[in-house]
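Quick notes on the structure that follows.
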Amino acid sequence: MNNEITVVLTGFGKFQGVADNPTTHLIAKLEEKYNKFPPTTHKAIFKVFPHVSVKQVTLDLEPIYDSLRRTDARNVVFVHLGVYQSCPFFRLETNAFNDATFRIPDEDDFQPKNQKINENREFNDCIKSTLPLTELCASLKADGFDVQESDDAGRFLCNYTYYKTAKCCDDEERNWRALFVHVPTFENVHEDKQLAFVHKLVIAVVESRSWR
């Protein structure tokens, strides 16, 4: 069994109202940084979902889950990044809900209302992140970042992705954990500050009591 900690970092491409998603750039820059200076404490996997639709995100997620299962990865944390345009601070999302109710269509023009993400769970079933988010939030605030816990990631692809991954982690007999993080636009928080935030977040997660 592989006991190394694996961090899966993901972002999104454009969608209605967001022509240039900051998470696309964050993932690319973080991958570049990790390639130049590989971490010794964990392994990192990077993925951008360029086509923001239920169908494509599902197709993009499943191979990641399957690959981790094949390598018998024991300790895995998924950190999904999404943009929250009207929010000037970072949000650590505590809850994922089994509810696909999109306020706008996805990039395939699909706009579900009151639909389950997973048919085997109750509608609006809530899965909570098993990471110590209060501790992580306090640590990041101490490092000078404007960050808060949030109990509602919305009901668009952010929540859809979060619930898919949280349910996957819930089903695994391994130490798999999930987190969704909403980041501001680069107009609200500069790209360099956001890169520093995500890097600090990953280190804090890896060093947390989750793996002890």
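All heavy atoms count here, side chains included; hydrogens, waters and symmetry mates do not.
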(message) Counting C-beta onward and ignoring hydrogens, is there a side-chain heavy-atom pair between Asn175 and Arg74 closer than 4.5 Å?
(response) yes

(request) Work out which heavy atom in Pro132 is nearest to a heavy atom in Ser208; give both atom names and the distance. (result) CG-CB, 4.0 Å

(message) Treating Thr165 as the side-chain partner and Tyr162 as the backbone partner, does any N or O pair qualify as donor plus acceptor under 3.5 Å?
(response) no

(message) Ignoring hydrogens, what is the shortest heavy-atom contact between Cys169 and Trp176? Give both atom names and the distance.
(response) CB-O, 3.4 Å

(request) Would you confirm whether Ser139, through its side chain, and Glu135, through its main-chain N or O, come within 3.5 Å as a donor-acceptor pair? (result) no

(request) Evaluate the side chain to side chain contact (heavy atoms under 4.5 Å, CB included) criterion for residues Val205 and Leu136: first the C-alpha distance (whole Å), next the side-chain angles of each, then the deciding distance (0.1 Å), finally the verdict. (result) CA-CA 7 Å; Val205 167; Leu136 292 173; 3.8 Å; yes

(request) Determine, stepwise, if the pair Lys47 / Val8 fulfils side chain to side chain contact (heavy atoms under 4.5 Å, CB included). (result) CA-CA 8 Å; Lys47 177 67 179 178; Val8 181; 5.7 Å; no

(message) Show the nearest heavy-atom pair for residues Tyr160 and Thr58, with the distance to one decimal.
(response) OH-OG1, 2.8 Å

(message) Test your reading of the model: is there a side-chain donor-acceptor pair from Lys113 to the backbone of Phe102, 3.5 Å cut-off?
(response) yes

(message) If you count every heavy atom of other residues, nucleotides or ligands that lies below 6.0 Å from Lys200 atom NZ, does the total exceed 12?
(response) no

(request) Name the orientation class of the two ring planes belonging to Tyr65 and Phe78 (parallel below 30°, tilted from 30 to 60°, perpendicular beyond 60°). (result) perpendicular

(message) Side chains of Leu68 and Glu172, heavy atoms from C-beta outward: is any pair under 4.5 Å?
(response) no

(message) Is there a side-chain contact between Val189 and Phe90 in this structure, where contact means two heavy atoms from C-beta onward sitting under 4.5 Å apart?
(response) yes

(request) Please check if Val18 and Phe180 belong to a single hydrophobic cluster, counting links between Ile, Leu, Val, Met, Phe, Trp and Tyr side chain heavy atoms closer than 4.5 Å. (result) yes

(request) Kindly compute the distance separating SG (Cys137) from CZ (Arg91), expressed to the nearest 0.5 Å. (result) 11.5 Å

(message) Using the rule that Ile, Leu, Val, Met, Phe, Trp and Tyr join whenever any side-chain heavy atoms are under 4.5 Å apart, tell me whether Val198 and Val48 fall into a single cluster.
(response) yes

(request) State whether the side chain of Ser67 and the backbone N or O of Pro63 hold a donor-acceptor pair below 3.5 Å, judged by distance alone. (result) no

(message) Taking the ring centre of each residue, are His42 and Tyr34 less than 6.0 Å apart?
(response) yes

(message) Determine whether a donor-acceptor pair (N or O, by modelled atom type, separation under 3.5 Å) exists between the side chain of Thr24 and the backbone of Phe12.
(response) yes

(message) Testing Asn75, Ile45, Val76, Val77 one by one against Val7 for a side chain to side chain contact (heavy atoms under 4.5 Å, CB included), which residue passes?
(response) Val77

(request) With the side chain counted from C-beta on, respond yes when Ile27 and Leu9 share a heavy-atom pair under 4.5 Å apart, and no when they do not. (result) yes

(request) Evaluate the ring planes of His182 and Tyr84, with Trp represented by its six-membered ring, and classify them as parallel (under 30°), tilted (30 to 60°) or perpendicular (over 60°). (result) perpendicular

(message) Looking at Asn124 and Asp99, would you say the former's side chain and the latter's main chain have a donor-acceptor pair under 3.5 Å?
(response) no

(message) Please find the pair of heavy atoms, one from Asp146 and one from Phe89, that lie closest to each other, and give the distance.
(response) O-CB, 3.2 Å

(message) Quick check: closest heavy atoms across Ala96 and Ala166, and the distance to 0.1 Å?
(response) CB-CB, 4.3 Å

(request) Could you tell me the separation between the CG atom of Leu61 and the CD atom of Gln56, rounded to the nearest 0.5 Å? (result) 10.0 Å

(message) Over 60° means perpendicular and under 30° means parallel, so tell me whether His80 and Phe49 are parallel, tilted or perpendicular.
(response) tilted

(message) I need the Cys168 SG to Asn118 CG distance, nearest 0.5 Å.
(response) 11.0 Å

(message) Taking the side chain as everything from C-beta on, heavy atoms only, tell me whether Thr185 gets closer than 4.5 Å to Val83.
(response) yes

(request) Look at the side-chain heavy atoms of Ile, Leu, Val, Met, Phe, Trp and Tyr, link any pair under 4.5 Å apart, and say whether Val79 and Ile64 land in one connected group. (result) yes

(request) Give a yes or no on whether Ile203 and Leu81 share a hydrophobic cluster (residues Ile, Leu, Val, Met, Phe, Trp, Tyr; joining criterion: side-chain heavy atoms under 4.5 Å apart). (result) no

(request) Keeping the roles fixed (side chain from Glu107, backbone from Val52), state whether a donor-acceptor pair exists under 3.5 Å. (result) no

(message) Are Leu195 and Leu26 packed together at the side-chain level, in the sense that at least one heavy-atom pair is separated by less than 4.5 angstrom?
(response) yes

(message) For a quick check under 3.5 Å, do Ser129 and Glu93 share a side-chain donor-acceptor pair by atom type?
(response) no

(request) Enter the distance from Ile127:CD1 to Lys164:NZ here, rounded to the nearest 0.5 Å. (result) 11.5 Å

(message) Using side-chain heavy atoms (C-beta onward) and a distance below 4.5 Å, is Val147 in contact with Phe197?
(response) yes

(message) I'd like to know if the side chain of Asp60 pairs up with that of His51 as donor and acceptor (distance under 3.5 Å, no hydrogens or angles considered).
(response) no

(message) With rounding to the nearest 0.5 angstrom, report the NZ to CG distance, Lys29 to Asp192.
(response) 7.0 Å

(message) Taking the side chain as everything from C-beta on, heavy atoms only, tell me whether Gln85 gets closer than 4.5 Å to Glu187.
(response) no

(message) For Val54, is there any backbone N or O sitting under 3.5 Å from a side-chain donor or acceptor partner on Asp106?
(response) yes

(message) Please determine whether residues Phe110 and Ile117 belong to a single hydrophobic cluster, defined as Ile, Leu, Val, Met, Phe, Trp and Tyr linked transitively by side-chain heavy-atom distances below 4.5 Å.
(response) yes

(request) Answer yes or no: is there an ion pair linking Asp170 with Lys167, defined by an N-O contact shorter than 4.0 Å? (result) no

(request) Report yes or no: does Asn98 contribute a side-chain atom to a donor-acceptor pair with the main-chain N or O of Lys116 at less than 3.5 Å? (result) no

(message) Using 0.5 Å steps for rounding, measure from the CG atom of Leu140 to the CG atom of Leu92.
(response) 6.5 Å

(message) If we ignore hydrogens and angles and just use 3.5 Å, is the side chain of Arg177 paired with the main-chain N or O of Thr130 as donor and acceptor?
(response) yes

